[in-house]
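Okay, structure first, notes after.
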Amino acid sequence: MAYLAPAEFVTKMVDAGESKLLMSTRDTLIRSYMAGAILALAAAFAVTVSVNTGNPLIGALLFPVGFCMLYLMGFDLLTGVFTLTPLAVFDRRPGATWSGVLRNWSLVFLGNFAGALTVALFMAIIFTFGFTEAPNAVGQKIGAIGEGRTVGYAAHGAAGMLTLFVRGVMCNWMVSTGVVAAMMSSTVSGKVIGMWMPILVFFYMGFEHSIVNMFLFPSGLMLGGDFTIMDYLIWNEIPTVIGNLVGGLTFVGATLYSTHYKTAPKRVSVR
Amino acid sequence: MSAGLQVTLGQHSQAGRKPVNQDFHGAMVPHGPLLASKGIALALADGISSSAVSQIASAAAVRSFLDDYYCTSEAWSVRRAAQRVLEAGNSWLHAQTQRSPARFDRDRGYVCTFSALILKGREAHLLHVGDTRVYRLHAQALEQLTEDHRVQVSSVESYLGRALGAGPTVEIDYRSWLTEVGEVYLLATDGAYEALDAASVHAALARHGDDLEAAAAELVATALERGSQDNLTLQLVRIDALPDAQASQLQARREGLRLPPTLQPRSEFEGYRIVRELQLSARSHVYLATDLASGQAVVLKTPSVDLRDDPAYLDRFLLEEWIARRIDSPHVVRAGTAERQREHLYVALEYVDGQTLAQWMVDHPAPSLDQVRGIVEQVARGLQTFHRKEMLHQDLRPENLMLDRTGTVRIIDLASTHVAGLTEGTAEASPQAILGSLQYTAPEYFVGGSGTVQSELFSLAVITYQMLSGQLPYGLQVTRLRTPDELKRLRYIELRSLRPDLPPWVDAVLRRALQAQPGKRQEALSEFVQDLRRPGPQYQRQGASPLIERQPLRFWQGLTLLLALAVLVLLWLRVTGT
């Protein structure tokens with residue numbers, strides 16, 4: 001299993017961020033749509049496992065399959081581009097600008113949301129037999145999660161908002177570590193092992209992942225969770241997105257870039 | 001792995017009923033690397049019978065072709081190498097004619113026909129002038145691959161329309177096609193082919209099996225029996241084995257080399273002492289080292305861990321030093337040391353003490369036109385040496401241009417170079433893959449076209465624009481292209497809006513070099529360089545470009561506003577009834 005030296009994988013991170021900025025609108029949307037859909041499916045799978053076994057650890061242990069799938073297929077999550085694309089601007093890559101970064105983030109957000117919503121609808125159909133029956137045990141559980149993680153935070157007011165934000169930060173710290181860990185190895189097995197560990201941590205700890213939530217809450221609403229769309233947006237999605245952005249950028253992107261890239265020997269000659 | 005290209009040859013020539021044999025033939029089957037880079041060549045020439053010296057012409061044509069073709073650059077394609085050699089041969093023959101008494105009579109000079117068949121890789125290449133013929137053998141018939149350059153005067157009389165040595169220049173027919181194992185080709189002069197048919201050829205081949213020499217001799221004898229009046233020459237070649245379609249020529253070399261370990265400063269590696277790391281990236285590891293034998297500073301480049309399993313990357317890696325040895329220009333990096341036996345896969349290049357153009361641009365945010373011209377001209381000269389060898393650099397960007405302390409610019413990183421002579425007959429024959437930085441890659445690569453000299457002009461013009469303004473001429477629009485239709489939608493950002501101090505013609509020159517369609521750009525790098533120094537009148541229309549061209553959106557918005565106002569006025573007039 002090949003292990004890449006930090007200096008080598010950090011240049012890979014910057015290159016990856018740059019290539020995402022250069023990508024056409026069509027590709028960006030397709031890749032983010034698929035990423036959102038696959039991650040949503042994995043979330044549905046993990047909740048099902050947890051409900052059926054009664055042990056959330058097993059659900060968390062298996063959740064990373066979704067993340068591995070979408071990474072290996074080259075799809076993009078908002079959490080990943082939060083970390084990677086700003087690096088191209090930091091490194092002054094030609095043509096890399098903040099407006100380009102914002103464009104990329106908006107497109108990936110839209111794609112992820114559309115993908116997650118599609119799976120949310122499909123899963124709601126499955127859980128309720130095409131909206132003809134009351135949701136099954138898994139469906140009820142998803143509705144309850146939706147309630148607890150919106151209205152539950154709202155009940156605590158500002159403290160709830162802070163908790164939500166910090167959970168978002170912690171989440172993308174772990175998830176982006178997974179993205180970076182996948183770059184450390186050049187083999188599929190190495191990439192999978194690298195991704196599995198941090199993703200497992202985030203899911204079991206119940207940190208707030210903006211794309212997983214794009215699935216959980218809309219399906220919660222469809223499955224009769226007692227909260228509104230505004231509850232979801234204000235008391236979950238928006239703070240989570242901001243928390244994810246801060247977590248990925250500060251704890252992963254900027255730190256690795258400044259310690260492993262900027263301190264690399266001065267580049268004066270033939271590359 | 002297959003054995004590579006293998007053929008069986010058979011040739012025979014005879015004066016026949018004439019006193020002198022004015023035909024001349026030859027074949028060259030080289031071994032080792034020359035077989036891969038240049039292939040197998042067969043050549044046949046027939047001197048015109050009206051001339052008493054044409055046997056000298058035919059011998060010289062064949063000999064010089066076979067000698068000189070194998071001395072041309074390996075980087076050249078077969079077509080270019082063979083045509084250049086034939087043009088030289090033609091000039092020599094024509095000069096001989098001009099110097100002899102025959103200069104007043106075109107039927108008595110040093111004139112001959114010429115046909116050559118070159119087998120390289122899986123392809124066959126045919127070069128032809130005159131009325132000797134090349135056939136491909138089929139089960140029942142002979143397929144004539146050449147066209148007789150004969151002008152028919154009457155039903156019995158005709159003369160040679162084109163021949164080697166007949167004029168100061170000559171037009172040479174060329175074609176190439178993929179060959180298959182078991183195919184047999186036949187080259188013959190008119191004395192032989194006019195008296196032979198498919199049946200007799202097949203009969204001779206069947207009788208002699210693998211002994212093509214005997215088959216050729218028998219066919220010549222048959223033709224003579226049937227009453228041929230001319231010299232008779234016949235060459236047969238059968239393709240017995242072809243190189244593997246997928247295996248690159250570099251694979252064998254690569255397999256003999258180990259991948260180097262990560263190198264540590266002060267350690268020794270293959271006769272070099274590592275001084276320090278210059279750059280570790282996901283593409284390659286670059287070290288400064290000294291050659292222990294000469295004490296010279298060199299740059300060693302080893303494959304990155306990330307790409308060690310990518311055969312195409314390793315092939316390009318192996319090629320870099322090979323290219324550096326073949327390009328002799330003060331503006332292109334040289335190979336580090338003399339070729340030596342090596343155990344590992346690495347590249348040794350000359351160490352250039354200086355800064356990259358990317359760094360230079362940071363230090364000089366708003367350079368004068370003259371500073372930029374000085375750099376652009378040097379890069380263009382470096383690129384021209386690539387183009388003369390039928391190579392395309394394909395990865396031109398500021399990080400790959402080094403300025404040394406004297407201000408001399410060198411192009412470094414040759415790993416993405418496309419070499420026509422190495423790729424013909426393979427899947428990569430036309431340069432299509434994007435190997436360089438996307439921001440500097442010409443639009444045709446993004447929409448499925450292949451790279452040309454004009455693509456390199458585009459990259460150079462992007463760098464010129466970036467040096468002057470710090471921005472890219474199309475932003476990131478080019479990198480997001482997907483289909484040829486989208487080319488029309490590219491919007492060039494006026495340089496004048498970023499550098500109002502520059503004369504307007506600079507914008508015009510750059511805009512032309514940055515056209516989305518390669519055909520609309522300057523034809524050559526030299527033209528672009530010249531335009532930057534002495535712009536022609538077409539660039540001099542000072543600010544005369546109409547509003548609709550400069551700001552089409554504003555134009556239409558303004559026009560629509562005017563129309564809307566007119567409508568309002570008319571409405572008002574109608575309402576008030578005046």
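In what follows, every heavy atom counts, from backbone to side chain, and hydrogens, waters and symmetry copies are set aside. Per chain, numbering begins at 1; letters A, B, ... match sequence-line order.
- Considering D404(B), V332(B), L403(B) in turn, D404(B) is the only one that fulfils the side-chain contact (heavy atoms from CB on, under 4.5 Å) rule with R410(B).
- Contacts of Y440(B) with chain A are made by side-chain atoms alone, with heavy-atom separations under 4.5 Å and no backbone atom involved.
- For chain B, the option among R92(A), M183(A), E18(A) with the highest count of heavy-atom pairs below 4.5 Å is E18(A).
- Using cut-offs of 30° and 60° on the angle between ring planes, the pair H260(A) and F9(A) is perpendicular.
- Other residues, nucleotides and ligands contribute more than 12 heavy atoms inside 6.0 Å of the CG atom of D363(B).
- Of the residues considered (L438(B), L307(B), L472(B), D306(B)), D306(B) shows the highest number of contacts with chain A, using heavy-atom pairs under 4.5 Å.
- Residues Y465(B) and Y492(B) bring their aromatic ring centres within 6.0 Å.
- Proximity to chain B is limited to the side chain of R26(A), based on heavy atoms less than 4.5 angstrom apart.
- In this structure, a donor-acceptor pair under 3.5 Å is absent between the side chains of Y287(B) and T302(B).
- Most heavy-atom pairs under 4.5 Å with chain A: of the set L288(B), T262(B), L476(B), this distinction falls to L476(B).
- E486(B) does not touch chain A: none of its heavy atoms, backbone or side chain, sits under 4.5 Å away.
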